[in-house]
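Chain naming here is simple, since letters A, B, ... match the order of the sequence lines and numbering starts at 1 in each. Since the structure is predicted, the reported quantities are computational estimates derived from the model, not experimental observations.
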Protein chains: 2
Amino acid sequence: MNVANIEVKDKTLKIRDFEHSLPMALLRARETVMQHFRPILSEHDLTEQNWRVLRALDSFGETDISTLAKHCCVLLPSMSGMVKRLEARGYIERTSNSQDQRSSLLSLTESAQQLILDVSPHSEATYKAIEESFGKEDLEKLYELLFKLEKI
Amino acid sequence: MNVANIEVKDKTLKIRDFEHSLPMALLRARETVMQHFRPILSEHDLTEQNWRVLRALDSFGETDISTLAKHCCVLLPSMSGMVKRLEARGYIERTSNSQDQRSSLLSLTESAQQLILDVSPHSEATYKAIEESFGKEDLEKLYELLFKLEKI
DNA sequence: AGCATATACTTAATATGTTAACTAAATCAA
DNA sequence: TTGATTTAGTTAACATATTAAGTATATGCT
């Protein structure tokens, strides 16, 4: 018997409730999407988060680690370790910031730029396939609703 | 300069590209939603995942750990550890499965059922607030699109 | 200048995500 | 019935998430 809704005799309603949970629905949807992208990334020994960081540096250019973390939706301690590992693998460089000795500026190495050139076409193709399967109009509508949800 | 789109003179297009990424949009939206729920859960020393597990057990009733993991969108090794910790805290019980000695059946303790009764009203209220702020029709539309996305 | 406070980041500790290896029980085939 | 294979779970190893504590530099006040 379901304690959170004791008047419900069978579990049908409560199960729909669980499946209908907004965080759950967002998680499942994201999982489905990522299942299409992860094989491409893992071929290059990149995690989903690694790819996010490299793409963000490519998009926004040289930035400090805090700004990068915000863009990538990653907490600073996670980013700290990730950058350290990507630096060790030769994908990220640090330049000391003359204005503030506490932080440094991060940028992509040549090797990382080449990696992005290699991976991007596959990533783009996967995205196009999703867009085609899902429908361009529905996808635009989904973005609209997701962006709206970010602002509540 | 953005390597993945070298003909782009400034970074505007590439930045929008990054922000417009579907996994990123889903992640950000989910983060926004969870920021509303996490304070309630952390008051009871529950992680987001813990709450998912307890709610799933409440909804689906006694189940084996593999089924539970699928419902919660969690991998089996993660679930294995989580169940062990929730069991140690007195929230989950194991019953040996006479049909199959490899697995056992999991269920909620009285204490967990009481916990759900305590937390649910706050969780419900938060959900209602989100629903009101976001709009009921848009929320239904969002669910519809998310469920559709799960099926691609 | 000198001290208190704030800021930027790292490190630590523990939980969870992810893949691979491992254990034990169940099933299947000869 | 025995031996190979499959299935259900756990454990291991490492990456990331999360909160708290620690370190060094900047800034503001007196």
- [ ] For DNA chain D, note the earliest and the latest nucleotide, 5' to 3', having some atom under 4.0 Å of a heavy atom belonging to chain B.
- [x] dT7(D) to dT18(D)

- [ ] Treat primed atoms plus P, OP1 and OP2 as sugar-phosphate and everything else as base, then score nucleotides 21-26 of chain C 5' to 3': B for base contact with protein heavy atoms under 4.0 Å, S for sugar-phosphate contact only, - for none.
- [x] ---BBS

Task: R85(B) CZ - dG17(C) C1' separation (whole Å) - done: 12 Å

Task: Closest non-hydrogen atom pair, Y143(A) against H20(B) - done: OH-O, 2.6 Å

- [ ] Find which nucleotide of DNA chain C each of S103(A) and Q49(B) is nearest to by heavy atoms, and output the residue with the more 5' nucleotide.
- [x] S103(A)

TODO: By nearest nucleotide on DNA chain D, pick out whichever of L75(A) and N97(A) is the more 5' one.
DONE: L75(A)

Task: Common cluster, I65(A)/L105(A), ILVMFWY with side-chain heavy-atom separation under 4.5 Å - done: no

Open item on the list: Report for the helix from dA1(C)-dT30(D) to dA30(C)-dT1(D): angle between first-end and last-end helix axes, five pairs each, rounded to 10 degrees.
Closed with: 10°

- [ ] Tell me, with the steps shown, if K141(B) and E144(B) meet salt bridge (charged side-chain N to carboxylate O under 4.0 Å, His left out).
- [x] CA-CA 5 Å; K141(B) 181 67 180 171; E144(B) 180 192 322; 3.5 Å; yes

TODO: Name the residue closer to the 5' end of DNA chain C, choosing between E48(A) and G81(A) according to the nucleotide with the nearest heavy atom.
DONE: G81(A)

TODO: Scan S78(A) against the nucleic acid and name what it touches under 4.0 Å (heavy atoms): base, sugar-phosphate only, or nothing.
DONE: base

- [ ] Using whole Å, report how far NZ of K84(B) lies from P of dT16(C).
- [x] 12 Å

Task: Side-chain N or O of S80(A) closer than 4.0 Å to phosphate OP1/OP2 of dT10(C) - done: yes

Open item on the list: Same cluster or not: L75(B) versus V83(B), using hydrophobic residues (I, L, V, M, F, W, Y) connected whenever any side-chain heavy atoms lie under 4.5 Å apart?
Closed with: no

TODO: Please figure out whether V74(A) or I65(B) has its closest DNA chain D nucleotide nearer the 5' end.
DONE: I65(B)

TODO: Report which part of the nucleic acid L76(A) touches: base, sugar-phosphate, or nothing (heavy-atom distance under 4.0 Å, all strands).
DONE: base

Task: Between C1' of dG17(C) and CG of N50(A), the distance in whole Å - done: 13 Å

Task: Side-chain N,O (R89(B)) to OP1/OP2 (dA15(C)) below 4.0 Å - done: no

Open item on the list: Tell me whether the side-chain N/O atoms of T47(B) come closer than 4.0 Å to OP1 or OP2 in dA15(C).
Closed with: no

- [ ] Using the side chain to side chain contact (heavy atoms under 4.5 Å, CB included) rule, pick out the option among L68(A), L106(A), T95(A) that qualifies with E62(A).
- [x] T95(A)

TODO: Nearest whole angstrom, please: distance from the P of dA15(C) to the CG of D45(B).
DONE: 11 Å

Open item on the list: Output the rounded distance in Å from CZ (R38(B)) to P (dT16(C)).
Closed with: 13 Å

